[in-house]
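Hydrogens, waters and symmetry mates are skipped; everything else that's a heavy atom, side chains included, is used.
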Amino acid sequence: MSIPITMPALSPTMEEGKLAKWHVKPGDTVQPGDVIAEIETDKATMEVEAVDDGVVSRLLVEEGAEGVKVNAVIAELEGEGAPPPAKAPAKAAAKTDKPPELPPPVAKQAAPANAAPAARPAPTASGGDRIKASPLARRLASQKGVDLKVIKGTGPHGRIVKADIEAAPKDAAAPQGAGGVASLIEPATLDDRVYAPDSYDLIPLDAVRRVSAKRLTQSFMQVPHFPLTIDLEIDHLLAARKAINEKTGDDGKISINDMLIKAAALALIKHPDANASYTDNGIAQHKSAHVSVAVAIEGGLITPVVRDAQNKGLAQIATEMKDLARRARERKLKPQEYMGGTFSISNLGMFGIKAFASILNPPEGMILSVGAGEQRAVVRKGKVEAATTMTVTLTCDHRVVDGATGARWLQTFRQFVETPESMLL
């Protein structure tokens, strides 16, 4: 019996992925637990294991293929004991654009409830007949935005092949879908009449950049948000950090960001109405502070999560962040290590940025943008003095956090930062 192998949903937000590498080939026998492929998502590269016994019969997606939709059939497996697929005759085969057969990824079972929606059915002509097109042609058409309904196939029995997509006229673009964010935005392309094609290098979008662009656009356009900005004096914080690091070895040194994570977590616990997410069913107030921290990686950024940060000491937070940041840059984080945060911190102070406002990271209700600490003039009791000052901006989801709630959270956060010993109480 033939068993379809589908592209697994490796995280609740995954909609498509790249089949980075196959570990099997047609005719191989696999058992549950065998690693059969590597899938690259928008955040990490993960190994995929077989869930059934059987023999790989057909591989429908080639190694390196991008934009493979979740739940799309990518290979087939024959039940255990079935003979390997018969080899084709030695005579030369007709030249087609069908990708070489490769090994199959996991998850033949129905996708979990929080998985991305199933792949759309193959397009059909207006008369109801199924459009005949090779898998590669369909993928290219999707990437190029070509409407298969207006393409005349030149392959066997009128099948649309790769050459037909590459030769498609510019007016064959698929119509823009109605509704949603996509329909509100003009396609991001450069006009050849303004920018000559040979005047720039086009760098293809990887999964990180493509998914980040989509989610940030949705967040900025769909979530009503507002910023709150304050200046913090951090001389006491710097002194406390110096004293702590003098007592520890190089491996145990803490950073200012580690101390801000702790301060933010404690403030979230004191203000549960700020540690919240909007849902259509109500406001979800989180019982623990899971702090997401923006980490720059090649092609974008990722937000690994320090869980239950309010219960952890500075040394533990520092150790976890070093490990999370290292594995984030290596794209080795597991989904549970970069999902499920309740609040985010983004720090650009090390680049000399004085102040900025970040885009919300839904479903989190707030994100804190941290600028550089610098010597500034402050007035105390009528006298001008120098103080190390840092500007922070809190971006709030107005559906969850109103101005007064955000302001109260910032007051508590200021207390922990400017008097760090209060974090011990």
Side-chain angles (χ1 to χ4, degrees), residues 13-20 40-43 45 62-69 97 99 120 123 133-154 160-223 225 294-303 329 331 346 348 351-362 369 395:
T13 59
M14 178 178 168
E15 297 180 359
E16 61 182 32
K18 175 182 177 180
L19 207 160
E40 182 179 311
T41 70
D42 58 311
K43 302 295 185 183
T45 298
E62 62 184 342
E63 188 172 283
E66 298 185 3
V68 183
K69 299 294 185 182
D97 66 335
R120 295 177 181 176
S134 71
L136 180 57
R138 291 185 188 280
R139 186 163 64 252
L140 288 175
S142 176
Q143 293 172 353
K144 294 176 177 290
V146 173
D147 187 357
L148 290 174
K149 295 178 181 178
V150 301
I151 302 298
K152 181 176 178 60
T154 60
I160 299 173
V161 294
K162 175 183 177 183
D164 300 324
I165 303 301
E166 293 178 336
K170 291 186 177 180
D171 59 1
Q176 187 79 7
V181 174
S183 63
L184 302 177
I185 306 172
E186 290 296 323
T189 59
L190 297 182
D191 192 329
D192 291 350
R193 297 169 297 179
V194 180
Y195 300 95
D198 60 355
S199 67
Y200 59 88
D201 294 324
L202 189 64
I203 310 300
L205 296 173
D206 63 9
V208 174
R209 187 72 70 181
R210 188 182 302 277
V211 174
S212 295
K214 179 180 178 180
R215 295 195 68 224
L216 290 172
T217 300
Q218 291 174 336
S219 173
F220 192 79
M221 296 185 67
Q222 295 180 350
V223 179
H225 57 276
V295 174
I297 62 175
E298 185 177 354
L301 60 83
I302 190 171
T303 53
R329 297 185 181 100
R331 300 201 179 190
S346 179
L348 293 179
F351 297 106
I353 302 300
K354 182 176 181 179
F356 67 106
S358 299
I359 297 175
L360 283 164
N361 184 23
S369 308
T395 303

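Considering only residues two or more places apart in sequence or on other chains, A213 meets the side chain to side chain contact (heavy atoms under 4.5 Å, CB included) condition with none of them. For S369, the side-chain hydrogen bond (donor to acceptor under 3.5 Å, both in side chains) test picks out S358, with sequence neighbours left out. With sequence neighbours excluded, the residues forming a side chain to side chain contact (heavy atoms under 4.5 Å, CB included) with L216 are I359, listed by chain and number. In terms of the side chain to side chain contact (heavy atoms under 4.5 Å, CB included) criterion, residue partners of A196 (sequence neighbours excluded) are, by chain and number, D198, S199. With sequence neighbours excluded, the residues satisfying side chain to side chain contact (heavy atoms under 4.5 Å, CB included) with A294 are T303, S346. With sequence neighbours excluded, no residue forms a ring pair (Phe, Tyr, Trp, His ring centres under 6.0 Å) with Y195.
Sparse packing is recorded around CZ of F351, with 12 or fewer heavy atoms of other residues, nucleotides or ligands lying under 6.0 Å away.
Nearest heavy atom pair, residue N361 against residue R215, reads OD1-NH1, 3.9 Å. Between A65 and V68, the shortest heavy-atom distance links the atoms O-CG2, 3.9 Å. Between H225 and T395, the closest heavy-atom pair is CB-CG2, 4.1 Å. Residues G153 and D164 share a closest heavy-atom pair of CA-OD2, 3.4 Å. Between I160 and L148, the shortest heavy-atom contact is CD1-O, 3.7 Å. The minimum heavy-atom distance between R331 and E298, with the atom names listed, is NH2-O, 2.8 Å.
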